[in-house]
Amino acid sequence: MTDEISYDPYDYVLDADPHPMWKRMRDERPLYFNERFDFYAVSRYVDVRDMSVDWRTYSSHYGSVLELIDAGPEVIEQARNMLFEDPPMHDVHRSILARTFTPRRISSLETGIRDLCRSYLDEVSGQDTFDLVRVYGAKIPMMVIGMLLGIPEADREHVRELADVQVHRDEGQTDYPVDAQLKMVEYFRGLVALRRKEPADDLITDLVNADVDAGDGSTRKLEDQELLQYISLVAAAGNETVTNLMGWAGITLYRNPDQRQRLIDDPGLIPNAVEELLRYEAPSPIQARVVMRDVEVHGQTVPQGSKMALLTGSAGRDERQYPDPDRFDVTRKLDGHVSFGYGIHFCLGAALARLEGRVGLEELLARHPHWEVDEAGSEMVHTSTVRGWARMPVSVKG
Ligand code: HEM
């Protein structure tokens with residue numbers, strides 16, 4: 001043990017429980033500087049919220065992932081999508097995608113999501129143990145994105161498997177599974193071509209048909225490359241995050257059986273429990289920015305060009321914002337949280353994520369209200385952008 005305040009986002013041991021360190025940062029070093037990786041970090045709710053809004057000072061233009069900012073302009077250009085943009089381009093691109101994320105389209109998915117959840121639980125019916133993440137939490141989101149985008153049913157399992165390869169890395173594996181990613185892009189290229197010929201009631205067709213400002217007063221259609229960027233963004237942003245929400249639900253409710261009992265007794269509390277889960281364990285706990293001008297933060301000058309990490313995961317536990325923040329309470333009166341981001345990049349998929357979380361929990365609690373987690377057999381996922389679970393054996397006997 002050391003008295004040093006040291007926050008290394010790549011340290012697996014710390015990542016298992018970063019909360020004590022985040023608390024020390026909030027209390028003792030509200031502006032933290034990590035010399036080794038050369039980044040600043042803020043951990044208090046108010047700072048994370050205010051910096052998220054101030055995109056002129058804290059830009060997303062160089063990416064929102066710490067190590068990607070360091071990877072240089074070429075890599076960032078390849079990865080660029082609206083998450084890595086500031087206004088005015090961000091607003092243009094976001095409004096095009098936002099038009100397709102209509103409340104009608106999202107709520108029309110509820111029955112499909114419920115059927116899917118039931119079918120995954122059916123697959124392990126009669127078993128005393130199964131892996132809650134691999135069998136359930138990790139399977140739902142990509143299949144739901146498949147419904148949203150309009151991936152034909154026969155292809156959904158194949159696409160989900162490709163996504164799975166990208167998400168699950170074995171310990172020690174640091175290279176990115178490029179092959180699976182290329183296969184995925186090729187698959188979506190084919191699907192775009194299909195939807196150009198055979199429109200359907202889905203998000204890809206909406207994007208194919210969208211009229212966008214050509215910049216000269218006329219309108220134009222999106223090109224394949226632009227369409228693929230949107231589709232890849234939705235697939236990437238909506239997959240691992242929801243998987244992690246479900247994983248955190250699995251372990252947090254197991255560790256807090258009194259809270260789980262409240263949900264069993266009153267399923268009407270589940271939507272609030274989803275918000276509380278997001279606050280308590282943010283699936284996407286770090287958003288990175290680049291500082292665009294010298295700026296004073298907590299009495300210190302942060303020079304232009306610095307990297308700034310907004311610790312969303314810490315903001316959710318800030319005692320300045322939430323009374324008794326380390327207590328998980330499904331009845332907590334929440335006046336919002338920043339786990340879906342804040343300001344112009346606020347998560348476009350928030351309504352869908354909430355729907356998946358709610359239905360996923362409703363079905364799990366209805367079928368297996370009293371699961372027990374084998375904590376020693378569980379495994380976390382460690383990437384610099386998301387925090388959650390790769391494996392979670394549970395026992396549902398009795
Ligand atoms: C529990 C699940 C989820 C969490 C915790 C989450 C979290 C976030 C966060 C923190 C941001 C802001 C990033 C930043 O400020 O740099 C974001 C943006 C975004 N999310 Fe989510 N997300 C979730 C699910 C989804 C889903 C299901 C989708 C789509 C199907 C989605 C699509 C997006 C998109 C497109 C953006 C970019 C918005 C923009 O740049 O304007 N997310 N999300």
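Source: prediction; values computed, not measured. The analysis underlying the following values was restricted to heavy atoms, covering all of them including side chains, and did not include hydrogens, waters or symmetry mates. Order of appearance sets the numbers: ligands from 1, and atoms from 1 within every ligand.
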Quick one about T312 and Q287 (side-chain donor to acceptor, distance below 3.5 Å, no hydrogens or angles considered), yes or no? yes

Which pairs of nitrogen or oxygen atoms, taken one from ligand 1 and one from the protein, are under 3.5 angstrom apart?
{"residue": "ligand 1", "atom": "15 (O)", "partner": "R289", "partner atom": "NH2", "Å": "2.8"}
{"residue": "ligand 1", "atom": "16 (O)", "partner": "R289", "partner atom": "NH1", "Å": "3.0"}
{"residue": "ligand 1", "atom": "16 (O)", "partner": "R289", "partner atom": "NH2", "Å": "3.3"}
{"residue": "ligand 1", "atom": "40 (O)", "partner": "H345", "partner atom": "ND1", "Å": "2.7"}
{"residue": "ligand 1", "atom": "41 (O)", "partner": "H90", "partner atom": "NE2", "Å": "2.7"}
{"residue": "ligand 1", "atom": "41 (O)", "partner": "R94", "partner atom": "NH1", "Å": "2.7"}

Describe, in one word, how the ring planes of F346 and F340 are oriented to each other, choosing from parallel (under 30°), tilted (30 to 60°) and perpendicular (over 60°). perpendicular

Ring center gap for F130 and Y136 short of 6.0 angstrom: no

Would you check if there is a donor-acceptor pair between the side chains of S314 and R26 at a distance under 3.5 Å? yes

Would you say E240 and N244 are linked by a side-chain donor-acceptor pair, where the criterion is simply a distance under 3.5 Å? no

Cluster link L278 to V330, ILVMFWY, side chain under 4.5 Å: yes

